[in-house]
Amino acid sequence: MTINYKNIGLFFLVACLILGTGFVQSWNTALFILNMGLVSAIMALGVNLQWGFAGLFNVGIMGFVALGGLAAVLISMPPTTEAWAAGGLRVILGIVLGAATVTTAILVQLRMAAGPARTLTTIAILIGGFFLYRAVFDGGVAAVEAVDAAGTGYLGGLNFGGASYKDWGFMTLISWPVGGLLAAGVAWLIGKTALGLRSDYLAIATLGISEIIIAVMKNEDWLSRGVKNVIGLPRPVPYEIELQESAGFIEHTTALGLDPVTSSSIVVKLGYAGLFSIVLVIVLILAQLALASPWGRMMRAIRDNEEAAEAMGKNVTARHLQIFILGSAICGVAGAMMTTLDSQLTPSSYQPLRFTFLVWVMVIVGGSGNNFGSVLGGFLIFFLWVQVEPMGAILMQILTSGMAEDNVLRLHLLDSVAHMRLLTMGLILILVLRFAPKGLIPEK
Amino acid sequence: MTEPFLIGESMTGGYGRGADILHDCTIAVNPGEIAVIVGPNGAGKSTAMKAVFGMLNIHKGSVRLDGEDITHLSPQDRVAKGMAFVPQTSNIFTSLTVEENLEMGAFLRRYDIRVTMEQIFDLFPILRDKRKQAAGELSGGQRQQVAVGRALMTQPKVLMLDEPTAGVSPIVMDELFDRIIEVARTGISILMVEQNARQALEIADRGYVLVQGANRFTDTGAALLANADVRKSFLGG
Amino acid sequence: AEDIKIGVILGFTGPIESLTPQMGAAAEMAMAEVNASGALLGGSTVTSVRGDSTCIDAGAATAVAERLITSDGVKGIMGADCSGVTGAILSNVALANGIVMISPSATSPALSTAEDNGLFFRTAPSDARQGVVMTDVLLEEGIDTVAVTYTNNDYGKGLADSFQAAFEAAGGTVTINAAHEDGKADYSAEIGALAAAGGDRLVVAGYVDQGGSGIVRAALDSGAFDTFHFPDGMISAKLVENFGSDLDGSSGQVPGTDSAGAGIFAAMAGDDFDGTSPFAAESYDATALIVLAMQAAGSSDPAAYKEKVMEVANAPGLKIEPGQLGLALQAVAAGIDIDYEGATAVELIGGGESAGNYRQVGYEGGAEITVKYR
Amino acid sequence: MIDLLNAVVVLSNYVLIPALAYGSQLALGALGVTLIYGILRFSNFAHGDTMAFGAMVTILVTWLFQGWGISLGPLPTALLAIPFGIAATAALLLTTDRLVYRFYRQQKAAPVILVIVSMGVMFVMNGLVRFIIGPNDQRFSDGERFIISAREFKKLTGLSEGLAFKTTQGITIVTAVIVVVALFWFLNRTRTGKSMRAFSDNEDLALLSGINPDRVVMVTWLIVAGLAATAGALYGLDKSFKPFIYLQLLLPIFAAAVVGGLGNPLGAIAGGFVIAFSEVLITYPLKKVLGYLLPDRFEPDTLVQLLSTDYKFAVSFTILIIVLLFRPTGLFKGKSV
Amino acid sequence: MIKVENLHRHFGGFHAVDGASLEIREGSITGLVGPNGAGKTTLFNVIAGVLPPTSGRVTMAGDDITGMSPHELFHKGLLRTFQIAHEFSSMTVRENLMMVPGSQSGETLWNTWFGRKRIADEERALQAKADEVLEFLTVDHLRDEKAGNLSGGQKKLLELGRTMMVDARIVFLDEVGAGVNRTLLNTIGDAIVRLNKERGYTFCMIEHDMEFIGRLCDPVIVMAEGKVLAEGTIDEIKANEQVIEAYLGTGLKNKGAAE
Ligand SMILES: Nc1ncnc2c1ncn2[C@@H]1O[C@H](COP(=O)(O)OP(=O)(O)OP(=O)(O)O)[C@@H](O)[C@H]1O
Ligand SMILES: Nc1ncnc2c1ncn2[C@@H]1O[C@H](COP(=O)(O)OP(=O)(O)OP(=O)(O)O)[C@@H](O)[C@H]1O
Ligand SMILES: [Mg+2]
Ligand SMILES: [Mg+2]
């Protein structure tokens, strides 16, 4: 039971950190950390599912998060009608042709007897299909991208709210599960091919695939504007401006003695926090129930010793695939949520350091194999990620406080304040793991 | 009574912060002698061996080699003092070849190890055929032979073997016991744990029966074999 | 009198981390100048609060902006630097909190049409304009076939596209328009492709601190191209320092004017930092505009002074050069209309972006020379 | 005939030589990664920044030498400074090990913990390097840039295509080959090398054989320091030194180490070449080559490029995955923990 | 029950199993002996689907099971133990046993969320069963210990215990006796005989302890160099010259001298 006090204490500590941010810095920042902490906790749960439960070393989280973001655009933005007219069908036809080519090739591989004839047919189909696909697809893409390149230049999404599409904010909510499905679909493809790989080999394969996903999102402008970004996604919560202009809101806030501008953004953030918390709680409960059941036991057995688990009748391949898809889908959902919160999709901001490794840090520091650990890690690490910047500055101030005003070293130190951010993050990481080498809330 | 060459005296201790496994357990052996430890599974035989070799902290009792207190020496320093040990499990380098495994046994010996290696190959001919193969690809019994071979390569003063014959075929087991006797005759102390207890006790000068981490019976091998109680409870009738 | 805080949000870490120290220093130089004059709003002072935009991580950038606004209480933001994070901060934070942002270096055409409630300005021109200027420069030099490589982000892509459109419309040929990723270890593949496509000159729409230099180095080393054309992200002392006389015969353009302001600014920077570093002058001007607008509105409230930015920036009025901020503040206080020219001959058009004056450069004998202004 | 020669020269200049040089650079980095993986059993994320640190010290010393007027004639002065870079890196790594990694080794922590810890170390080293030398590009190369430059080559041969071969490319390739052979020999033939492999295989048993773990760890870090500083300095000489890039270099380096088979030096060099060639070769437009080879009538008017360079990373990773599907632990049968 | 026809398994150029043909009769306790490296474990691995054969065929009650995966074979009632213990080291001893039974309803995600009641009932039954097995193996006091912390012999017992958790048709035991105390081994032997008699399990066991083999097994198959060398009752085997030369040997040479 003592251990339980410790865990509650840890959560309490993180709550204090966030509340402290609210009191010392601002409630907006605190809520921002809370919201991103919620999203990060969900991602960490997804990764914990894969690593902590099943020992799958997935380092492609970034890709699944990005797919979730893509879903947010594809669902919640309005379709670009001119683009559809210009080349939409051609693009779709191109994709269908591409898929058909691959399918036919696979069918040939399966159906025909092995031999030179089969190889030749397959190659012929693939090459022919490739040129056909390029011929159809490229033209369509060019046409789509030519439509108002600076403003749209892509096919847009499925929000049929027309000019008032921003009022259809609930569409973004639909995009969350869709983001999960999209991620799950891609995870299925990856799992089918690459899950046979072990440990670090699987890691580099997933890392590569996530880079490929980002490359596609950066370069296929017809899909989501590539590096030109999509900004101004609709929101499931009201806009601050609307609140500030609504008489009722101003009345309420002034009655409470608050500033309407500040309170409007706080209310909006609280709205997000509410939505995100619902998702987190659902995911956490489901994950926790699964972990503390024969299913979780089976997964741990597979993680411990695949060969023996297989001999004891557990279908290791199928289970790995299942949990890989599930974990990736959760990351996809979180990705869609995050894009909703940002109200924009910027493919070049998907950096492995931020979206893959930071999530891993959350899982490991929190304590892999323990769902509550992952949630704690999500909040704590994101808090640090945001707060190490001022911390680094403070660190430098302390270091330089004793020095003369024009001391060269002092100036140099103060100049490098910006680089202290990552350094501080690194130091904290090392220190935390030093005192809790199995994570803050270790697996039981 | 003179002090034995190697003695782990009144050892009490366990793994990490867990409960004690050994309770006041004493094991000793003299040069040229074979001492055999038997007992039920989980009695603490392997633990006692590890304690003697310094792979486990004992918080009571001491280990002395040739009169010198070595209780606080690290295992690798004990190797330097002429002790060799074959653990019960994971006792080979799986990714190294058979030959490299043997070389590692002789790591602290810089001079001519070829001769010793040839002797090992004569003892376990199969290893000569497989010398270039990774030890992890061997069969269970072959691995065991590599493990024993590695310890023999050290040319130690004290040889400690934890179930050296587990999984080896009868013909090899006989060879092995023969070899152990030979080795002992050259003045080396041998301390081993065995579940093939009857054969082992037959060649033992001393026998220890361990139960729940404590000495239950201590006597010569022959006397233990003759003891009906011991036979029934520990040697399978 | 109050202590007015102004946020300086730039990518102090990340892909343009070598440009941002100068930009930040320039902004703070303007603030120091204001404080020294003591003429702002009856003796108010301005203080800089720095924040790291990272240039690429929209999440981190919004968090920083959020913190600066809500906890430090900044009244305006000088920044951000890269177009992506600038858009993010604008739509997520500045809009919601009604804070004025003046970016010195976000040049993406997309920002021209972004929803901003009149809060967003930039002292850098949109790249749509640069594409046209570039075409003119090249065609005038008699170059009608070029290969283009751009840094794969909204800046590079936007610039390369607007250039290609303008160039082809004017009768030129673009043999290949290929992206390069910044910060990669090796550009052999890109150079291979560019060389195979060929062209009289290689247009490098990248960053000098980033892939841009890598591309130029690889192109020179392999003999793929001898001459280049550099848009704004590439032009800097660094480029000359890196390549020296290898650049002879190349061309480029960068936002800039032959106004005396640029020279004065560089002289003011003196030894403290490199005043000719890209976007340093724009940063000075952006800061100055914020302060002057406050003075004109008589208040540091963004909702009030956002209306005044265009007014102080544009004619008619008393022309103001760098180093004359004190004078300008007094003039405004006295009710005299001013036209802030600053270090970059500021002229805000449309939705509040720089009209776009460019300095055409060439390279001779291992040095950068100014050919003319456009 | 001339056309054929020109085609060969074009291909060498834009594919063969750059890929060889880049591949060697990756290999040198991958060797360090693979060695740590092989002996200390974790993927070291701090390796890129270790390289940056080594390169930084080398640069500082080079500047010093240049200031004193010491030079190596046609070769870059930095070669003289590399030993100092190695020494400083060794000191850094040994300190790091003492302060950070040793604790987890004694705890017998899971490899993934070490991976995450190494990320912490990466952040700290990264900050350290940027703190000392700043975030900017630094140039420190001198001596002859080229063994043969494109212009000289054209003049010499009279061909219409040039072929450039840089001094640094030459040094890198030669160094990589020598180091790989030396390391392979060291690990498989020498007593110390074998004891290091034994240690990585079964730490407890290594102890029982009298192998001194501290010594193994120390030797490992020393070799890694040598590799990292050399690789970092050579890379900086060839391209340019910028702290941020070394972090980015980590990804292809890991890819090279993995595709070759983790823990295997031969794998590292093979992996380096696989990654480098797949990046350069697949995206290379054949227009010019075909232009020389085919009769004028058939000369292609498009680029004849299989895939645009946007996807060069995608290509190399796709190839990596395909290789792994057929050889799940890399080309040279690597380890997996 | 199991029929192996002309089975080959090569590792590179090495023929570990080299044309072995044998049959395990339904209801028998068949012993499999042979020198170290004879290919016994490899044969088990091929039968149990861990290794694909290079060539040859395995049938179970007439069905071709060549190349089937281990988990499919498990559900057909074929169980095996590992010569080198494969415990689930970070799980408790009891969990090691409870995870064994196939088609537990709690192994479906859906049920873990919406079928808690059923799972709880099943778990109770499983737990009782596991405790029973643990008691029989004399390790019940360790039921909540991590399996990785067991002694060498205890791990082997756990290997055996797993096969006792479900109803099997045929059980392959790879040296379960090595490292197990002889007194306990006798009890285990009795249990094997009981399972064989009362529940009709077929056993095939590799063992080097001839006494133990002799007590339980009929017939005994001897393998050497990947082939079947001999087959017969224990006495026939013990008398076989070839077997003595290759496997049994003639006893200690030095024995007298040691005493
Ligand atoms: N993965 C492998 N690669 C190469 N050779 C192997 C591999 N696995 C087994 N062998 C070889 O195949 C032969 C048969 O091994 P196997 O494990 O089947 O023997 P066994 O009869 O079970 O012996 P033991 O009684 O010692 O357990 C041995 O010589 C072994 O070296
Ligand atoms: N690493 C460990 N951590 C905790 N407990 C352990 C560990 N290793 C063994 N034990 C416990 O210590 C007791 C004695 O184990 P030991 O290995 O000494 O038995 P043993 O007499 O050698 O048995 P066997 O004949 O089965 O090998 C056992 O109950 C076991 O569960
Ligand atoms: Mg034991
Ligand atoms: Mg076997």
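Hydrogens, waters and symmetry mates are skipped; everything else that's a heavy atom, side chains included, is used.
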Visitor: Counting heavy-atom pairs closer than 4.5 Å to chain D, which one of E181(C), E190(C), E241(C) comes out on top?
Guide: E190(C)
Visitor: State, without any angle test, whether Y155(C) and S105(C) hold a side-chain donor-acceptor pair at a distance under 3.5 Å.
Guide: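 Y155(C) vs S105(C): no donor-acceptor pair found between side chains.
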Visitor: Flag the one option from A178(C), S222(C), S188(C) with the top tally of heavy-atom pairs under 4.5 Å to chain D.
Guide: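 Maximum pair count with chain D is reached by S222(C).
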Visitor: Do any N or O atoms from the side chain of S283(C) and from the backbone of A26(C) form a donor-acceptor pair under 3.5 angstrom?
Guide: no
Visitor: Under 3.5 Å, is there a donor-acceptor pair between the side chain of T20(C) and the main chain of G11(C)?
Guide: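 Checked: pair present.
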Visitor: Measure A224(C) against the heavy atoms of chain D and call it side chain, backbone, both or neither at under 4.5 Å.
Guide: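 When you check distances to chain D, atoms from both the backbone and side chain of A224(C) fall under 4.5 Å.
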Visitor: Does any backbone or side-chain atom of F313(D) lie under 4.5 Å from a heavy atom of chain C? Answer side chain, backbone, both or neither.
Guide: side chain
Visitor: Side chain, backbone, both or neither: which part of Y246(D) has a heavy atom under 4.5 Å from chain C?
Guide: neither
Visitor: Looking only at heavy atoms and a cut-off of under 4.5 Å, which of L19(C), D186(C), V208(C), D226(C) has the most pairs with chain D?
Guide: D186(C)
Visitor: Measuring heavy-atom distances to chain D, does N242(C) have an atom under 4.5 Å in its side chain, in its backbone, in both, or in neither?
Guide: both
Visitor: With chain C as the partner, which of K154(D), R151(D), E161(D), R130(D) has the greatest number of non-hydrogen pairs under 4.5 Å?
Guide: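 Option with the top pair count is R130(D).
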Visitor: Relative to chain C, which of R145(D), Q169(D), E279(D) shows the most heavy atom pairs under 4.5 Å?
Guide: R145(D)
Visitor: Under 30°, 30 to 60°, or over 60°: which ring-plane class applies to F273(D) and F277(D), parallel, tilted or perpendicular?
Guide: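 It falls in the perpendicular class, over 60°.
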Visitor: Keeping the roles fixed (side chain from D127(C), backbone from P109(C)), state whether a donor-acceptor pair exists under 3.5 Å.
Guide: no
Visitor: Mind running side-chain contact (heavy atoms from CB on, under 4.5 Å) on S12(D) and F165(D) for me, showing each step along the way?
Guide: CA-CA 10 Å; S12(D) 311; F165(D) 194 50; over 6 Å; no
Visitor: So which part of K239(D) gets closer than 4.5 Å to some heavy atom of chain C, the side chain, the backbone, both or neither?
Guide: both
Visitor: For D137(D), is it the side chain, the backbone, both, or neither that has a heavy atom closer than 4.5 Å to a heavy atom of chain C?
Guide: both
Visitor: Given that the side chain runs from C-beta out, which part of N152(C) has a heavy atom under 4.5 Å from chain D: side chain, backbone, both or neither?
Guide: neither
Visitor: Which atoms of F146(D) come close to chain C, meaning under 4.5 Å heavy atom to heavy atom: side chain ones, backbone ones, both, or neither?
Guide: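 Contact with chain C: side chain only.
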Visitor: Check whether any side-chain N or O of S162(C) sits under 3.5 Å from a backbone N or O of L159(C) as a donor-acceptor pair, and report yes or no.
Guide: yes
Visitor: Return yes when atom CD of E364(C) has more than 12 non-hydrogen atoms of other residues, nucleotides or ligands closer than 6.0 Å, and no otherwise.
Guide: no
Visitor: If you compare all heavy atoms of S83(C) against all heavy atoms of S108(C), which two are closest, and at what distance to 0.1 Å?
Guide: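 In terms of heavy atoms, the two residues are closest at OG-N, 3.2 Å.
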